[in-house]
Amino acid sequence: MPKPILRRHFLKTTGVATAALLGGPLLAACSPGGHALSAPTADPNFKPDLEVTLTATTAEAAILPGTATKVWTYRGEVVSGDPTSLMTIPNSYLGPILRLRRGQKVRITFANDLPGSEQESIIHWHGLQVPAAMDGHPRDAVGPGHTFVYEFEVTDRAGTYWFHPHPHGLTATQVNAGLAGLLIVSDDEGDATALPAGDQDVALVIQDRVFDADNQFVYGIDMMTAMMGFLGDTVLINGRAHESLGLATRAYRFRILNGSNARIYKLAWSDATPLIVLATDGGLLEAPIERSYVMLAPGERIELWVDFSGRKTGDEVKLVSQAFSGAENVGGGGMMGGHIMGGATYAPGVGAAQDLLTLRVERQEADTLSLPATLTPLARLDPTEAVNAAQPRIITITQQRMQWKLNGRGFEMDAVADDERVMAGTLELWDIVNDVNPGEMMDPLGMAHPFHIHGVQFQVIARTLRDDYPELAPGYASVNEGFIDTGWKDTVLVMPGETVRLLLRLPEQPGRFVYHCHNLEHADAGMMRNYEVQA
Ligand code: C2O
Ligand code: CU
Ligand code: CU
């Protein structure tokens, strides 16, 4: 087994309120605060079935024994409609779980109550297909003391989605401080499947953090973090450290979100039981599939069938992240050990083996559920029907002087290039090409990037690894059986040297959406672009 790579982080200890200041030098391209006046207000003609308020604010959470951790959190309140639409996770900084129903009309008022006038923010509904004006584009960010009102109809398939801040240059800081929540959509089709429900439907958010000696989050963005992404040394499950779950001898549905800023997991069971996958980002698969491990990159979700029937009380099994390679430092060290700065913290590198969660069988209970042979029908898009079938749209990921770029460009709040204009409602092929960067000082063979597109769910048509760099092959072989490409996706892991071909139906309504890397430090540093849907 490869020795885990220890990656050195150069972080300063800060309270969350000042954390963003460390990002200062990297934020030159975006000046927050200029957008507060354009925030939509409620439309009296929109009649919501559900109306909620989500307030980004400060709080404290008991994460480690001893002193509580100062966090930022979404505090939720149901204004009208089903009061069970928001479910608070006890003792967690995570926002409430927001439960929506397909066809439902929702009004959500986001209130920014963050400290520090520079902390503008906006919420993005990751995975939902909503009109551009309701999607939480960075340009819609509002400053502290301001609100933004969302009104939309839920049109998405039943599935596990999530919401998180999306202000340009500040997303990583705000998510690290605690701002994120799960969003679970239900519909008739999903209800028709005989899957575990109620207490047997378990949501798990995996994140990683660094704590100081006083139990406070340590976070800051320096050159190295912006380049590689933040890695924590402590795994948190639903915002809690050293988490374990006591379960019965029954079947469970686990909905798992990788809500980490940059860490990629290779999920497996410690006892080598295969994983049974029910769903990906955009909801249930046609049929369950079995894998010995599953890759889960930042932003991605996976749902698992976890069956404890027949196990003995006291049995334990761990959800682990297995060792893998090839996500960074491909072909060896680079200059990882070379920097010395104050307050160094060590976190395991991407690909180090880690224990995530312990499951313990606590009680014997009979269960009548068995794994369904099929789940829900899933319409297969046909690549030959794409308007650009002969010439897919190409998005190349490169690195130029320690900055990750998309087609050679960084983020520009209000710019759309000619090759970023698409026609409403058309079917397109997009090739995401993770290129090599000969001559670059760090990671010249590239890094793994979780690529995310707003406004759509897509299907993965093909993956190809270039064969002119044999050093890429071993790392790729340590992850590629863990890609679940048979369902709807909104975020896809693209390995170094890999091209992933996506097929997507563009939004029906004109508007401007972003696409970006979901390594949040990468996105904040500019690995994000607009695309424009034209009528
Ligand atoms: Cu979850 Cu634009 O992101
Ligand atoms: Cu998104
Ligand atoms: Cu990236």
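Because only heavy atoms are used, hydrogens play no part in the values below, and waters and symmetry mates are left out as well, while side chains stay in. One is the number of the first residue; the rest follow in order along the sequence. Just so you know, ligand 1 is whichever comes first in the structure, and atom 1 is the first atom listed for that ligand. Predicted model, so just to flag it, every value in this text is computed and none were measured.
A tilted orientation is assigned to the rings of Tyr476 and Phe483, their planes being inclined by 30° to 60°.
Look at His124 and the Cu ion (ligand 2): an N/O/S atom of the residue is under 2.8 Å from the metal.
For Asn437, the side-chain contact (heavy atoms from CB on, under 4.5 Å) test picks out Thr398, Gln399, Trp404, Glu440, with sequence neighbours left out.
Taking the six-membered ring for Trp, His449 and His516 have ring centres at least 6.0 Å apart. For Tyr150 and Phe148, the ring centers sit closer than 6.0 Å to each other.
Inside a sphere of radius 2.8 Å centred on the Cu ion (ligand 3), the protein N/O/S atoms present are His449 ND1, Cys517 SG, His522 ND1. Neighbouring protein atoms of atom 1 (Cu) of ligand 1 (N, O or S, distance under 2.8 Å, waters ignored): His126 ND1, His164 NE2, His518 NE2.
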Return all side-chain donor-acceptor pairs below 3.5 angstrom for residues 526-535, not counting sequence neighbours, or 'none' if the list is empty.
{"residue": "Arg529", "atom": "NE", "partner": "Glu420", "partner atom": "OE1", "Å": "3.4"}
{"residue": "Arg529", "atom": "NE", "partner": "Glu420", "partner atom": "OE2", "Å": "2.9"}
{"residue": "Arg529", "atom": "NH1", "partner": "Gly410", "partner atom": "O", "Å": "2.8"}
{"residue": "Arg529", "atom": "NH1", "partner": "Glu412", "partner atom": "OE1", "Å": "2.6"}
{"residue": "Arg529", "atom": "NH2", "partner": "Glu420", "partner atom": "OE1", "Å": "2.9"}
{"residue": "Asn530", "atom": "OD1", "partner": "His137", "partner atom": "NE2", "Å": "2.6"}
{"residue": "Asn530", "atom": "ND2", "partner": "Glu412", "partner atom": "O", "Å": "3.2"}
{"residue": "Asn530", "atom": "ND2", "partner": "Met413", "partner atom": "O", "Å": "3.0"}
{"residue": "Asn530", "atom": "ND2", "partner": "Ala415", "partner atom": "O", "Å": "3.1"}
{"residue": "Tyr531", "atom": "OH", "partner": "His454", "partner atom": "O", "Å": "2.7"}
{"residue": "Glu532", "atom": "OE1", "partner": "Arg512", "partner atom": "NE", "Å": "2.6"}
{"residue": "Glu532", "atom": "OE1", "partner": "Arg512", "partner atom": "NH2", "Å": "2.9"}

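Judged by a 6.0 Å distance limit and a 45° cone about the ring axis, Lys266 is positioned over the six-membered ring of Tyr293.
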For Tyr219 and Phe230, run ring pair (Phe, Tyr, Trp, His ring centres under 6.0 Å): C-alpha distance rounded to whole Å, both residues' side-chain angles, the deciding distance at 0.1 Å, then the answer.
CA-CA 8 Å; Tyr219 183 77; Phe230 169 85; 5.1 Å; yes
List the steps, then state whether side chain to side chain donor-acceptor pair (under 3.5 Å) holds for Asp156 with Gln129.
CA-CA 7 Å; Asp156 297 273; Gln129 298 169 83; 3.1 Å; yes
Please walk me through it: do Arg393 and Glu428 pass salt bridge (Lys or Arg N to Asp or Glu O under 4.0 Å)?
CA-CA 8 Å; Arg393 190 176 296 276; Glu428 284 206 4; 2.7 Å; yes
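Checked against the Cu ion (ligand 2), the N, O or S atom of His452 at the shortest distance is NE2.
Looking at Arg255 and Asp201, a side-chain N of the basic residue comes within less than 4.0 Å of a carboxylate O on the acidic one, giving a salt bridge.
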